[in-house]
Every structure is written in structure tokens, then in C-alpha cells.
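What's counted below: heavy atoms across the whole structure, side chains too, no hydrogens, waters or symmetry copies. The structure displayed is predicted, hence computed values, not measured ones.
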Protein chains: 4
Amino acid sequence: MVYKKSEQRKQQILDCAKHLFAQKGYQAAQISDICEELKIARGTVYQYFENKENIFTTLIEQYFENMNKALPDTPVQSAFERGEMPDLTQIQNMLTDYTHAFLLHMYRDRDLGRIIFLEGFTALPGIKEKLFEFFEDRKQRTVAGLRLGAALGVLRPMNADLIASAMMGTTTRVILDFILEGRVTSEDELRPMAEELVAFQLRGVIAR
Amino acid sequence: MVYKKSEQRKQQILDCAKHLFAQKGYQAAQISDICEELKIARGTVYQYFENKENIFTTLIEQYFENMNKALPDTPVQSAFERGEMPDLTQIQNMLTDYTHAFLLHMYRDRDLGRIIFLEGFTALPGIKEKLFEFFEDRKQRTVAGLRLGAALGVLRPMNADLIASAMMGTTTRVILDFILEGRVTSEDELRPMAEELVAFQLRGVIAR
Amino acid sequence: MVYKKSEQRKQQILDCAKHLFAQKGYQAAQISDICEELKIARGTVYQYFENKENIFTTLIEQYFENMNKALPDTPVQSAFERGEMPDLTQIQNMLTDYTHAFLLHMYRDRDLGRIIFLEGFTALPGIKEKLFEFFEDRKQRTVAGLRLGAALGVLRPMNADLIASAMMGTTTRVILDFILEGRVTSEDELRPMAEELVAFQLRGVIAR
Amino acid sequence: MVYKKSEQRKQQILDCAKHLFAQKGYQAAQISDICEELKIARGTVYQYFENKENIFTTLIEQYFENMNKALPDTPVQSAFERGEMPDLTQIQNMLTDYTHAFLLHMYRDRDLGRIIFLEGFTALPGIKEKLFEFFEDRKQRTVAGLRLGAALGVLRPMNADLIASAMMGTTTRVILDFILEGRVTSEDELRPMAEELVAFQLRGVIAR
DNA sequence: CATGAATGAGAGTTCATTCAT
DNA sequence: GATGAATGAACTCTCATTCAT
């Protein structure tokens, strides 16, 4: 037996809930909406999930799991840890790859991205923390990178905390404005966006 | 200005609702919470507002009104329109003033800022549009500025739409991370933040 | 203002719930039954009580409050504590008064008595303990009395714990069989019942 | 007796249901609890029993069947019917044997005893009647015995109905307090209890 | 203007029962 | 016989809103 019917149904409910949450928001989306759309009974949903919150949580967890799989290790840092001394062009390429992967993941799972960006903060207890943790972790790596760069004289002196926050903001806002709002219609558009973003970010921090 | 008792009560309800929405979120905050806190009857609220949504809408409107009062006209553009030719330092100062005013307004009305940033998108129909409009308007001015700068050779060639979005992102993310999360505890901290932000933004776009 | 309308409604709901619980049992009785009977909306009930369990709890509390008011202090014990040495006839009278008061209270609030006797044990957490406590307290006083009597040579030697339990059983079973089942139709029947019960109980324990 | 697998499974379900009902109560115990514990599917239960109530009913029926097997015929009455004239000591022994058998049966099947004592009254229609009938039957025999004894001058004049109820109460309460609450831990404790109970009961009714 | 008791549609959730496989 | 996914009626509880006083 290769596939499991029950797993399929579970995923079916998740998929349905995902686009409902993305469309209406967690609060407004109702269990009965799912049931109507899938033409199943209310009780069926509760065979697969303890409650509404549990559906949401499962979605978020899946998302971050996928995200962590999709994103390469913070590449610049890794290079330094391996004792390499990448030059500026190499760094720029690494960051572009990374940003591209991030945009790509966001684009491919727009619905969930929408949910997380727009609702994650208020929604349920626990989610906010998970989200915060994810972004904080990424930001701290950036802070470390900025400090190292400044120490090496490659980057200008700056308030690394603030600038890391600002850099993160460039990406998240672009995701919001372009990807989640539907202005991007093909994956091909993402590479140039990543390049442009990284160019902007790097210019803002390099020495001279 | 004549003393109007009824206006006072209306504002009293708005103030109360504001911090409740900020604390619990629009959905979770209940009309009865307001009543308890102000020690008034449920019905009284409905003498001043049609419904819950109306309270929210009024808050948002007040906010943008105040914001527009607090913010200087997009200064660089205005200067150009007056036929002036500000140099880079002057532009930097203008932008810093502007950003500072923005941060200040956000800091002074943190509760509402929190509501808008965290809930505005999903909450009620109409709000999202208003919010979008506000940010879009600011962004379009930035786009225009970037294009002009590039045409004059002061700024590097770029995807102005994307970069405008990114620039807006730097500010909004910093507001989120620093002001709304309570890491800023005095207005004095805002000026250096504005300076740092503008420095980052400008470096990202100037020619050379 | 002498009476409070809201207090009346609260009591009205309690009274209604009382006879419904007595008739159908706690689980089977539904909030909507109350609403139908009182011709009020479902929500109204929840203006006065947090939830179904809270209605039940309130009833039980009222009951024990009334019970403690209605019952004279355990009289024999009190007499001894005052240094008196009541003779057997006096003791028998005291016990009869006490038992009579107990039967009377049970008779007058049969519905609640029914609920407590028949459901108290299983129903909600907390109730069982309250009930147990009440009966245990009474029983412990009996145990003390039996031990004292035996020490004084008035009562025969016995397993006081067991006999106290048995004595309590005589009363509770009679309440079950006669009062709660509706075989008693007038308060006048209770005095002879109390006399008969006490006679039986005393004969079972006196020396000789 | 031929080995019947299906009968075994049925009994297995009954045994499981029994301790679940005793632990959680009829309402709170769920069919799925049984399935989990026995590691069988939900549907399987319905191959052996029409519905949940049917499981309960079957348990109760088994119980009374066993009880009737375990209890000797009401012995005093039988003796009289055989024309014998047992003296007080003989009667006391007979009653003690009988009570002992009753306690023993209750002790050996505590779970079911618990269910019956604590839930029987409210639970399902039909059960209450069966229970009532059982106790009423025993009580009527006691009433007859008391009347006969009084007529013969062996017992004092009394309200036989009431006293029979009280006598039954002594036993049932002791079962409740000692056996079902787990204060009895060995069958050996039951004989003295029976003796003490009968001693108390008899003293309450004999002439003089 | 203010009150607050009353409303009632509608939400999430439960669980005994069914039935195609 | 056994399975377990699916059912759906029924329940408790919520809360913005109304309206007679």
C-alpha cells in the first residue's frame, strides 16, 4: 500500500483551509466553509484535526518546515566559517541566491505567505512567537555579518541592529507589495528582483 | 472652540477602544470591554457609533488625518517644484526630517500604529484599501523622486518601483521592530534612527 | 427600590433549572429547555450564569446554605459540651427534632434533594466533594457521639465507624424511598417518621 | 461447552465497558474509549451490540442475574415456610449469612456496583425500574418478615414499611461508604461487617 | 442622553451511529 | 467478521445589536 487515503484527506483539508485563511483571514474563515467546499460533513474535519486552531498551527508548521528546506544555509557566514575569504562579487552572488530562494518560496506558496504576513502577528498564541523567532534568527545572522564586515573594513560603521532590521524590511515589503499582491506572475521575474534588492542592500552598507 | 460634552464622550470611547484594539486585536476586543472600562452601559456606545466597525473606521480616519497633519509635504519634490536645486546634503536633511516626523508620529500614537500595522490588512473591508492607498501614495512620490534623480544623473539607474517599495520597507520594518515592540523608550532615540535610515536608503540609490 | 428585577430573573432561571434537573438529570436537561419554558432567548441565560455548570453549582450552594440554616446544631453533642448530662429520653427527643428538621428540609425542597441524592455523585467535579464533605461531617459527629456513649457505658461496644454509616443510611434511604419518591404528601407525616427512625437507631446502639 | 470466539469478544467488550462506566460514568464514557482500549474498530462494537444503551443494559442484566445466583433465598422466610421455628440466634446467623453474601457480591463486582449505585437512578429509562424492582422485592420480603415477627411477639410493633426501608439503608450505605469507596481491601473484612450490621438491625426491631 | 435586559443568528465542537470496503 | 472514514443532529456558548424604560 503506497498512498494512504486518510493522509490525502488530511492534506485536502489543509489545502482548502489554506486558501480560505488566505482569502478571508483566520477568524472569518469558518469550518463550515471548508465543509461546503470539500462537500464533507462538519464532523469529518474533526476526525483529522482537534480544532480550528490545530489546522492553522499545522499549516504554519508545514510552512516553516518547507522554508527551512528551501533556504540554503546563510551562505556568507558559512563561507567565512569554512575559512574562505569571498570577495564582494562572490558575496553579492551568494546573497542574491539566498534572496532569490526566499522570494521563490514565498511565490510558490503565496497563500500561506499571505496568511503568515498578514495574520501571523495577531492570530493565535504561539504563532506570533514562532514567527518572531524565525525572523529574529535571520536578523541576528545579518547583524553578525554586518559587524564582521565592519570589523574587516569592508563595510561602513553603522548601527548594525537597525540596519539589519531595515534590510529585512526591504525584502519583506517587496514580498508584500509584489508577490503577495499578485503583481508577480512568473517565477522568472524573481531573479531580477533578487538582484536589484541585494544591490540596494549592499550599496547601503559597503565602505566608501 | 465651544466645550461640547458629547464630543468628549465620543473621544473617550475612541481612546478606550484604541488601546483595547491595540492590546487584544479588533476581533477579540469586545464592546462590553469598553463599557466596563468606562463604566457606561452597552447601549450608550451605540448612541455615538453605529456599530463596532464604525468605531474602528473612525480611529483609522483620525489616524491618517493626524498623520497628514504631522508629516511635512514630501519635501524634496516640493523643493524641485519651487525650482530649487538642493544638493545632496540638503536632500539628506530633508529626508531625515521627513522620516523623523514619521517615526515620531508612529511613536506618539503607538497603539494605533500597532493596530494598523498588525491588523489593518485583514480586518475590515475598506480599511485595507485606505491603508494601501496611503502607502501607495507615499510610494508613488518616492518613485517619481527616484526617476527624476536618475534622469538628472544624481541617482543610479534602477527599477524605481521595486526600490521605492524596498525603501518604504526599511522604515516600516524598523517601526515594527523598534517602535511598536517597545524597544524605543524616548523620543530622543528617534532622530539618530532617522539619520541612520536615510543614510542607508540614500547610499542604496545614489550614483557612483 | 426594593426588589431587583435582575435578581428575580436569576432566581426564575434557577427555579426552572432546578425542576428540570430533577426531572431529567443534569446531562439530559438542556439550556434550551429552560429557554422554552421561560420563553426567553438562549443568550439571556448566559447573562446571568457563566455556563450550565455554574447554574448547577449555584443551586447546590443555595441548597447547602439553606440546609445549614434549617438544621439545629448537632444537639446531643452541644448539650454535653455545655456540661449537661441529658438522659436517654432527652437524647431521643433531641435526635428526633434533628432528624425531623432534616426530613422537613428534604421534603420542602424535594427537587433539589432529588438532584443531589441521585446525581451528586457523578455529576460535576467539585460537587461530589462538597456532598461527601457534608455527609462525612455529619457522620463524624455521629461517630464521636457513639464513642462517647460507649465510654460512658450508655451505649454498647461497637464498630462506631460502621454503625455511624449504617445510621446515616437509615435516614438517607428513607428519604429516598419516601420523600423523594413522592410517597409523603404532607409535612405532618414527617414527625412520626422521625420518631420511628430514631427509635430504630437508638435501640440498635444502647447498652443492654 | 463449546469454545465460542464471538461470545468471548462480546464479553471482552462488556468487561471493558464495565470498568469504563465505573470510572467515568455512563455519559462520559465513550464508545471510542472501548475501541482504543481493546484495539478494535468503532464498527466492531456495533456487531455485538445495537447501541451504547444496549451495552449498559446487558451489564445490568448480567449483574442482577449473578446477584440472584449469589444470594441465598431469603432464608428466614424460607425456614418459616418449611414450618421450622428458628430461634433468635439461628435467625441472626441466617441474616448474617445473607448480608455477608450480599456484601461479598458487591465487593467482588465493585465496578458494576459502583455504576448501579451511583448512576442507576438517573441513567437510562428502564434501568431505574429494574433497580427499583430489585430493591423493592427485597424490601417487601423484609416487610413481611417484620410483620410476621411482630405478630409472633418476637419483634416490637413498628411501621414495618419504614423500618424495612431503614434496614435496607443500613446495608446500602455501608456498601457505599466502605466497599465502593475502596475502604475494604480484603474479603475477610466483610464477615465482621455483616455481623455488626445484622446486630444493629436486629436490636432495632426485637421486642424488649 | 443613558440604561441594561433581552435578543438570536451562528460559531465551534462532540460523538453515537452507519456503511462501503 | 472487521474496518474506520464519514456522517450530522444536537449541544453549549458568544457577542454585536436593539429597544422599552
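Between the D:Arg110 side chain and the D:Leu180 main chain, no donor and acceptor come within less than 3.5 Å of each other.
For the OP1/OP2 pair of E:dT17 and a distance below 4.0 Å, the side-chain nitrogens and oxygens of D:Tyr46 include at least one atom meeting the criterion. When the side-chain nitrogen and oxygen atoms of A:Thr44 are compared with OP1 and OP2 of F:dA5, none of them lie within a distance under 4.0 Å.
Pairing of F:dA20, defined by two Watson-Crick or G-U wobble distances under 3.5 Å, is identified with E:dT3. Across all strands shown, F:dA10 is found opposite E:dT13 as a Watson-Crick or G-U wobble partner, with both distances under 3.5 Å.
In this entry the distance linking CD of B:Glu50 with P of F:dT17 reads 10 Å, nearest Å. The distance between atom CD1 of C:Ile31 and atom C1' of E:dA9, rounded to the nearest whole Å, is 17 Å. In this entry the distance linking OH of B:Tyr48 with C1' of E:dC1 reads 6 Å, nearest Å. The NZ-C1' distance, from A:Lys52 to F:dT14, rounds to 13 Å in whole Å. Following rounding to the nearest Å, B:Ile13 (CD1) and F:dT17 (C1') show an atom-to-atom distance of 15 Å. Atom CG of D:Asp33 and atom C1' of E:dT14 are 13 Å apart (whole Å). Whole-Å rounding puts the A:Gln47 CD to E:dT18 P distance at 16 Å. The interatomic distance linking A:Leu20 (CG) with E:dA11 (P) rounds to 13 Å, in whole Å.
When heavy atoms are screened at a 4.0 angstrom cut-off, C:Phe49 is found touching no nucleic acid atom at all. Heavy atoms of A:Gln30 sit under 4.0 angstrom from primed sugar atoms or phosphate atoms, though from no base atom.
Nucleotides F:dT21 and E:dC1 are separated by 23 Å at their P atoms, to the nearest Å.
For the pair B:Lys52 and B:Tyr26, the distance from NZ or CZ to the six-membered ring centre is under 6.0 Å and the angle to the ring normal is within 45 degrees. Judged by a 6.0 Å distance limit and a 45° cone about the ring axis, A:Lys18 is not positioned over the six-membered ring of A:Phe56.
Where A:Gly43 and B:Glu53 each meet DNA chain F at their nearest nucleotide, the meeting point lying more 5' is that of A:Gly43.
When each of E:dT18, F:dA2, F:dA16 is scored by its nearest atom to the side-chain atoms of D:Arg42, the top-ranked nucleotide is E:dT18.
Looking at C:Gln62 and C:Asn66, their side chains never bring a donor and an acceptor atom within 3.5 Å of each other.
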